[in-house]
Enquirer: 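Pasting in a structure now, in structure tokens, and then I'll have a few things to ask.
Each chain gets a letter, A, B and so on, in the order its sequence line appears, and its residues count up from 1. As the structure is a prediction and not an experimental result, all values here were calculated from the model. Keep in mind that the numbers below use all heavy atoms, side chains included, and drop hydrogens, waters and symmetry copies.
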Protein chains: 2
Amino acid sequence: MSRRAVQSRIARTAESLFVAKGFEETTVDEIAAAVGMSQRSFFRYFSSKDEVVLDSLERLGEDLAARLASRPPGEPEWDSLRRAFDPVVERFGDPVLRSHDAAIQRIIDGSPRLLASYLCRLERLQRVLTEALMERAGDGADAVVLRAMVGGAFACLHASAFPTIEDPEAFGPCLDRTMAALRPVAAR
Amino acid sequence: MSRRAVQSRIARTAESLFVAKGFEETTVDEIAAAVGMSQRSFFRYFSSKDEVVLDSLERLGEDLAARLASRPPGEPEWDSLRRAFDPVVERFGDPVLRSHDAAIQRIIDGSPRLLASYLCRLERLQRVLTEALMERAGDGADAVVLRAMVGGAFACLHASAFPTIEDPEAFGPCLDRTMAALRPVAAR
DNA sequence: CCGGAAGTGTCAGTGGCTGTCAATCATTGC
DNA sequence: GCAATGATTGACAGCCACTGACACTTCCGG
């Protein structure tokens, strides 16, 4: 059985436990026992308990970065960022994925510890996207402004995700509206 | 001796240890011993090891919120946010405070664990500032857009802080430049 | 059959953090 | 003065995330 498959099995088991008992209240020992392995082996597949929850986010991040890199060079950065967010909007379209993601989000919001790790990953992701934009813009670019722009775009994404937990289909339009309102004057 | 004074003594002692040995490499036992108290007592003054480092940020946050609340109601939100950041710019002006803050920042960046907690606090602070803006704007306000705007302003602050670690006096102008470039079209 | 490589379990240990309890100290009311 | 009371503390025990070391199995190429 491949490493990925085992990770996926652990993640599914762990998430159901988290939903049932809460993140902090579920020990690594319990997860390992539920999967049928030792605690030590759990840590061979995930470097921390947080990782189990945030692992899926990692892959989504790679997707965003690839999207952004493939946008046409002449396009205003703000629009490229909006298009890079398309995979997220798409996920919200699928009801199965959506309810799963909502569960994950509830787990994250329920634990300050986990929320902190989550924000840390977003931060790293923003750094990656900023570098992608920097490369595209060449030497004449203002690194600070680009960095802030990526942060601003993520703020729109983040803010739009909040109220959309109840209202399924509204995420895309809400993101469009927010990013239109926040569009920087510098984005031609 | 007042609670605040003890906290301050612990914080000073701990920070010097962190600078000398690194955050992760310094145990709470060591800090407690250096201050001359039991580990149990340390946790009566700070709820976690992170807290020691991030405590000062808490008070700065309150300052920002107060500044924002005292801005004239008619002022565009973006400008109010910029003015709310003035205390931060001022801190950068004082060389003593600046070098202290730089040390703190280096400690934070050196530990993923601590960086995560730090970002979590920034998140909470943003929520507070958003609520302040909401109150001011009244019922007609778009909560999502306001939330995103606060996030965007913080992104400017964050981005401006980065390159300014070496170049002392440039923080204020850099922040102005970035916030001018990112100014939302919605901000009249 | 042998070699190592990869995956696993066991065990012991570290460090952050919490609950509990008893001792101490300051405050208050008499 | 003094006793009751409440806050502060230290000592101790314990939980849990996480790590290092080592032994064992399985599987595969030679």
Enquirer: Do the charged groups of A:Arg83 and A:Asp86 touch, with an N to O distance under 4.0 Å?
Expert: yes
Enquirer: Do A:Pro87 and A:Arg67 make a side-chain contact, defined as non-hydrogen atoms from C-beta onward lying under 4.5 Å apart?
Expert: yes
Enquirer: Which part of the nucleic acid does A:Ser38 contact within heavy-atom distance under 4.0 Å: base, sugar-phosphate only, or nothing?
Expert: base
Enquirer: Figure out the CG/C1' separation between A:Asp29 and D:dC15, and round it to whole Å.
Expert: 11 Å
Enquirer: Output the rounded distance in Å from CD (B:Glu25) to P (D:dT19).
Expert: 14 Å
Enquirer: Output yes when at least one side-chain N/O atom of A:Ser41 is less than 4.0 Å from OP1 or OP2 of C:dT8, else no.
Expert: no
Enquirer: On DNA chain D, does the nearest nucleotide to B:Val6 precede the nearest nucleotide to A:Gln39 from the 5' side, or the other way round? Give the residue.
Expert: B:Val6
Enquirer: Would you kindly check whether a donor in the side chain of A:Arg40 faces an acceptor in the base of D:dG20, or vice versa, at under 3.5 angstrom?
Expert: yes
Enquirer: In this structure, how many angstroms lie between the P atom of D:dT8 and the CD1 atom of B:Ile10, rounded?
Expert: 13 Å
Enquirer: What is the distance, to the nearest angstrom, from the CZ atom on A:Phe23 to the P atom on D:dC16?
Expert: 14 Å
Enquirer: Is the backbone N or O of B:Thr27 less than 3.5 Å from a side-chain atom of B:Lys21, with the two atoms forming a donor-acceptor pair by type?
Expert: no
Enquirer: So does A:Asp176 pair up with A:Arg82, basic N to acidic O under 4.0 Å?
Expert: yes
Enquirer: Taking NZ from A:Lys49 and P from D:dC15, how many angstroms apart are they, rounded to a whole number?
Expert: 16 Å
Enquirer: Measuring centre to centre across the rings, with the benzene-like ring taken for any Trp, is A:Phe85 within less than 6.0 Å of A:Phe154?
Expert: yes
Enquirer: Please state how far atom CE in B:Met37 lies from atom P in D:dT8, giving the value in whole angstrom units.
Expert: 12 Å
Enquirer: To the nearest Å, give me how far apart CZ (B:Phe46) and C1' (C:dT18) are.
Expert: 18 Å
Enquirer: So, is B:Tyr45 close to the D:dT9 phosphate, meaning a side-chain N or O under 4.0 Å from OP1 or OP2?
Expert: yes
Enquirer: Quickly work out the A:Phe42 CZ to C:dT10 P distance and round it to whole Å.
Expert: 17 Å
Enquirer: When you measure from the side chain of B:Arg44, which nucleotide among C:dC21, D:dA17, C:dC17 comes out closest?
Expert: C:dC21
Enquirer: Going by modelled atom types, is there a donor-acceptor pair between the base of C:dG16 and the side chain of B:Arg113 at under 3.5 Å?
Expert: no
Enquirer: Checking contacts here: which listed nucleotide (C:dG9, D:dA17, C:dT18) is nearest the side-chain heavy atoms of B:Phe43?
Expert: C:dT18
